[in-house]
Structure formats: structure tokens, C-alpha cells
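Below: the structure, in C-alpha cells.
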Amino acid sequence: MKKEFYITTTLPYVNADPHAGFASEIILADVRARFEKLQGKEVIFNTGTDEHGLKIWQKAQEEGVDTQAYVDKYAAKFDELKEMLELNYTNFIRTTDENHKKAAQELWKRVDANGYIYKKQYKVKYCVGCELEKTDSELVDGYCPLHPGKELEIIEEENYFFKFSALQDKLLELYKSNPNFVVPNKRFNEIKSFVERGLEDFSISRLKSKMPWGVPVPGDDDQVMYVWFDALTNYISTLGWPDNQENFEKFWGTKESPNAIQIAGKDNLRQQSAMWQAMLLAADLPTSKQVFINGFISVDGQKMSKSIGNVISPKEMVEKYGIDGTRYLLLTKGTFGEDNDISWEKLTTKYNADLANGLGNLTSRVVKLSENLDLEIEKKENIFDEANIKLVESFDLDKVLENIWNIVREDNKYIEDTKPWELAKNNEAEFKNVMQKLLNDLTLIAQMLIPFLPETAKKIQKALETKERVILFERIR
RNA sequence: CGCGGGGUAGAGCAGUCUGGCAGCUCGUCUGGCUCAUAACCAGGAGGUCGCAGGUUCGAAUCCUGCCCCCGCAACCA
């Protein structure tokens, strides 16, 4: 088996603070990365920030700050998640990094050299009222919703286009020969039918005069890259591509043996599983190995949005539930790939039930009962069985945690059935037997929790060693 | 006929691919226990699986039609 493991999240766009949805994505990746590390693999876990594009440029202008200063501020906010959520990512790439820009230009050149880029007149609709370009999807009945009745101007602009349409067959072939290329299956079906319906070439550049905040197009001073083309390249620029070919092959893989795992939200299905793969194919580079598509988080049945004012941020969650509490709650909010609904009330209920009353209380019972005992604890080698490994590999991490919590439940019942506090008084031998099992189980739980709740795992192990009682999770309210 | 997802106990969900006793967590009611974080354990109540038809010995699951909710509709990350 290959010794190297590569996983990447999508890069969040730096026009808003981190929210629970992205936190969920990056925690999933974090658990997987820690898990693979435990299996003895060398791991690269990539994340970062997407910092180019019109929106960011405009926002910086609005705030009257230098664009670079603006993106620096936001990049720092996202990098703070590392400590906030106890993440172990190895790479944090910013699309404004010099080596990234170079890589994006190199990718462009290769795609171009292979004949997949061409120049074309492109008509944009322009609302004079807003002084802004409008896309068809923004229009209502052909008019700008803010200025109904005002005719839109048509402006012609020359842009570079990517021959997405020419890669339809190659993409379909990729999907066909990799039956688990996109997970879950329903998303795979969705992207397959999208590609089968036919692809349209898309614009991959903008006029620099209108939008200066982008990576310059090689050999054309008047144009900058459209943000997607630039941003997607991060997955390989982070590995030092194109200069460091060895590192690239080690982690990204080769055509024969692709190695890159990607995780993304469902809004990114097309970009990650079709556009980016097409770009790689066009540049004659290996594709990703697998793309995992996560669902969305809603709050009390409503879309999480600034205007509704129901955004749940990882920061608030950590303040309330602690790091591992937050990790646990985001990991167990529902089935991977489905949309999951959360609310403060539900989160608190689950926190109290599973963490305080469940794991926390069990630890507290076992440590107290074993206070005066000095038993040798059996440490298992292969803590994850075949079934659990499979679940981790398909990102069904909630199911693995459920399996761990079944041990918690069994042990609570076992204590009730055997009444060790009575045995301690009248049956020393049996008392030791019972406690041996409980200590072994709790040790196993702690070992299994390492990738999921790293701090808690340590605390349990420490409590078992020192016999000092510890409150793992304070009850809320 | 634009694309896709969803409708299963008071709440949240799993089960649907591959048909075989309708399951889990929370809540609720009753009882038990005292090692533990007002926790823990046992038992109970609660469901015409969105609706209507079809296939089958048998349908939450497969097929057809309909109703309702939610995303997305590509140069907007």
C-alpha cells in the first residue's frame, strides 16, 4: 500500500468569516488525516484561502483598504481555525502566494499548449443603474431586479475560454473507470448526467482594466485569470508543482495511481469533480483519486445566512462546547453527504447526552471505582477493525463515533449489572475482573478517539494513569 | 416537460442501491440503583413509512402517476 496520503479541503473565499459549514468540512478532513497518520502514513493535509476575484477587490475598495491588506486580514482569520479547532493541517496555501501564482501560470501554459484555450468575443450584460455587469441568473424577466424596466446594455469583451466541451468524453471515461470517483453516489450521478448533457466552454480570464485583482495571464498584459482557474490550481501548487516533481508524484500521484483525496461542499460539485478534473486532463496531469461531497448545514430548518442572522460560527461553538465538544457535534450532526439541520438547542442536548452524561460520566465512574487498584491495562494493536476502517474511508465518521458510543453504553450497563462498588466490599477477585474489563474498554475508547477528539483522548489516558478524576465535559445549564 | 435532494413515532434521523418482524438518539411515562457530572440501568406508551395505484407469497424498499418542502440553474467561489 502507498505510504503517502494527500487530502485537501476546498479553499474558502475570503469575503466572509468562517462558518460552521466550512468548519465541518475541515474537521472531517482533519480526522481523516489524523487517522491515516496513525496508520503510519506520511500525510499532507492542505487547506488555505482563495483570495482573488472581483468580489474581493470590490470589498476592499468599499472598506477603503489596500486589497492585499484586506486579504491578509481574512487569511489570518481562517488560519486561526487551526488552533481554535485543534487542526493538524500541514499546508496553508494562499492563492496570492508567489509560488501559487507561478504554478497557476504554468498550468495555464500547459493547457494552452495542448490547445484547450482560445480567445473569443464575449457579450456581457451591463446594468447602468448598478454600474455592474449582470449574469443571466441575476436577472428577473430579463431585467435587473434593482432597476426593472431599464434596458441592459450589451458590452462586448474579448476573453480567453477553456475548451471544457472538448473534455466531455475524457471526463466520462474517468467516471466510468472509477466507480467511486465521487462520493456519495447521488452526487456522482448528478455530475455524470451534467457532463452527459454536454458542456459549454467557459471564460477563464477578465480584462485587467476592469478587474486588476488576479493572476496575470501569461503572455497577455491586458488580462488576468478568472478566479476559478487560478484557485483550483492550489491543490497542486501547494505541493511545489511544477518545480518539485518528486513531491508532486509522491502525494498527488501519477496517472496510473492517483492519490489525492478532495473534500468539498455540494456547491462545489461541478468545480471539483468536473472543471478541475478537466483542467488536469487538459494539462495532461493525473486527476484526483476521489472527491467527497458534503451536504449543507441548515439552522432550524433555514438556510444559514447573514441576512437571516442565524449563522453559527465555529468560534461561538468552541466558546460554548470547547474544542472537542465542537468537533464531536459537527462530526455527529448527521449522515455524510446529506444536508444536516442543527440548532443551539439540539447541539446542547446532544452535548449533554453524549459527552457529559455519556463519555464524561463513564470516565468519571471508572476512574473513581479503580482509584485503589493497580491493574495492568491491555493495549490493543489494531484498534480499528475492518468495518470501522471502511467507514472512515467513506467519511461515515458519525457511524464510527456511534460504534464507539455503543461501547460507552454497554459499559454503563455492565457496571449496573455487576455492581462493582458492592464487589469491592465482598468479592475482591471478581471486582478486579470487572474493573479490568472496564479499564481495557476505556483505554480502547481513548485510543479510538485519538483522531476524532485528540484532547479528550489524552485526558482519558492521563486520568487512567494518575487515577485523578477529571471532568471531561462540564454539563451545560 | 431545466437539474438534483427530501417527505419514516412529539423532535432529529438511519433503513431504500441488494424487497423479508419498522430501527436509533432525544423527549415523555413507570420502576430500579447510588460508583458517577441531578448522572446511570430496566420497562412502557407513541408510526396507515407524503397520497393513489401496480408488481410480488411478501413493499418504507421495485414500477407508474400525483401532492408538498428545499437547494442549484454554470463565467456568482
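Just so it is clear: chains get the letters A, B, ... in the order the sequence lines come, proteins before strands, and each one is counted from 1.
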So what does [X] touch, heavy atoms closer than 4.0 Å: a base, only the sugar-phosphate, or nothing?
X: A:Y226; answer: sugar-phosphate
X: A:L362; answer: nothing
X: A:K419; answer: nothing
X: A:A356; answer: base
X: A:K350; answer: nothing
X: A:N352; answer: nothing
X: A:T349; answer: sugar-phosphate
X: A:D267; answer: base
X: A:N361; answer: base

Measure the distance from [atom1] on [X] to [atom2] on [N] and round it to the nearest whole Å.
X: A:I191; N: B:A74; atom1: CD1; atom2: P; answer: 14 Å
X: A:E157; N: B:C75; atom1: CD; atom2: C1'; answer: 11 Å
X: A:K425; N: B:U34; atom1: NZ; atom2: C1'; answer: 10 Å
X: A:K459; N: B:U37; atom1: NZ; atom2: P; answer: 16 Å
X: A:R197; N: B:G2; atom1: CZ; atom2: C1'; answer: 8 Å
X: A:L369; N: B:C40; atom1: CG; atom2: C1'; answer: 12 Å
X: A:M275; N: B:C76; atom1: CE; atom2: P; answer: 11 Å
X: A:E422; N: B:C40; atom1: CD; atom2: P; answer: 20 Å

[atom1] atoms of [N] and [M], separation to the nearest Å:
N: B:C66; M: B:U28; atom1: P; answer: 43 Å
N: B:C51; M: B:C69; atom1: C1'; answer: 15 Å
N: B:A59; M: B:C17; atom1: C1'; answer: 15 Å
N: B:G27; M: B:G12; atom1: C1'; answer: 11 Å
N: B:G32; M: B:G7; atom1: P; answer: 41 Å
N: B:G23; M: B:G15; atom1: P; answer: 16 Å
N: B:G53; M: B:C13; atom1: P; answer: 29 Å
N: B:C40; M: B:A45; atom1: P; answer: 23 Å

Can you tell me the pairing partner of [N] across any strand shown, Watson-Crick or G-U wobble, with both distances under 3.5 angstrom?
N: B:G53; value: B:C63
N: B:C40; value: B:G32
N: B:G71; value: B:C3

* Structure fact -> Reading nucleotides 12-17 of chain B from 5' to 3' and marking B where a protein heavy atom lies under 4.0 Å of the base, S where only the sugar-phosphate is that close, and - otherwise, the string is SSS---

* Tell me which of A:D417 and A:R187 sits closer to the 5' end of RNA chain B, going by the nucleotide each one is nearest to. => A:R187

* Asked: Taking for each residue the nucleotide of RNA chain B with the nearest heavy atom, is it A:G198 or A:D354 whose nucleotide lies nearer the 5' end?
  -> A:D354

Salt bridge check: are [X] and [Y] linked by an N-O gap of less than 4.0 Å?
X: A:D72; Y: A:R94; result: yes
X: A:E80; Y: A:K77; result: no
X: A:K55; Y: A:E62; result: no
X: A:K368; Y: A:E371; result: yes

* To do: Begin with the C-alpha distance, continue with both residues' side-chain angles, and end with the deciding distance and a verdict on ring-ring contact (aromatic ring centres under 6.0 Å, His included) for A:Y70 and A:W213.
  => CA-CA 12 Å; A:Y70 173 87; A:W213 191 245; 9.3 Å; no

* Asked: Can the positive tip of A:K192 be found less than 6.0 Å from the middle of the six-membered ring of A:Y175, inside 45° of the ring normal?
  -> no

* To do: Answer yes or no for A:K437 and A:Y414: cation-pi contact, defined as NZ/CZ to six-membered ring centre under 6.0 Å and angle to ring axis within 45°.
  => yes

[options]: which one has an atom nearest the side-chain heavy atoms of [X]?
X: A:R270; options: B:A74, B:C40, B:U25; value: B:A74
X: A:S203; options: B:C35, B:C75, B:U37; value: B:C75
X: A:K303; options: B:C72, B:U25, B:U37; value: B:C72
X: A:R206; options: B:C75, B:C35, B:C26; value: B:C75
X: A:K266; options: B:C26, B:A74, B:G71; value: B:G71
X: A:K55; options: B:U25, B:C72, B:C76; value: B:C76
X: A:I415; options: B:C35, B:G71, B:A74; value: B:C35

* Steps toward side-chain hydrogen bond (donor to acceptor under 3.5 Å, both in side chains) verdict (A:E345, A:S343) -> CA-CA 5 Å; A:E345 197 191 338; A:S343 68; 5.2 Å; no

* Modelled atom types, side-chain donor and acceptor of A:S298 and A:D341, under 3.5 Å -> yes

* Asked: When the ring planes of A:F181 and A:F188 are compared, do they come out parallel, tilted or perpendicular, using 30° and 60° as the limits?
  -> tilted

* Asked: Is there aromatic stacking of A:W421 against B:C35, centre distance under 5.5 Å, plane angle under 30°?
  -> yes

* To do: Kindly indicate whether the side chain of A:E190 and the base of B:G5 share any N or O donor-acceptor pair separated by less than 3.5 Å?
  => no

* Asked: Hey, which of A:Y351, A:Y321, A:W405 is the one that makes ring pair (Phe, Tyr, Trp, His ring centres under 6.0 Å) with A:Y328?
  -> A:W405

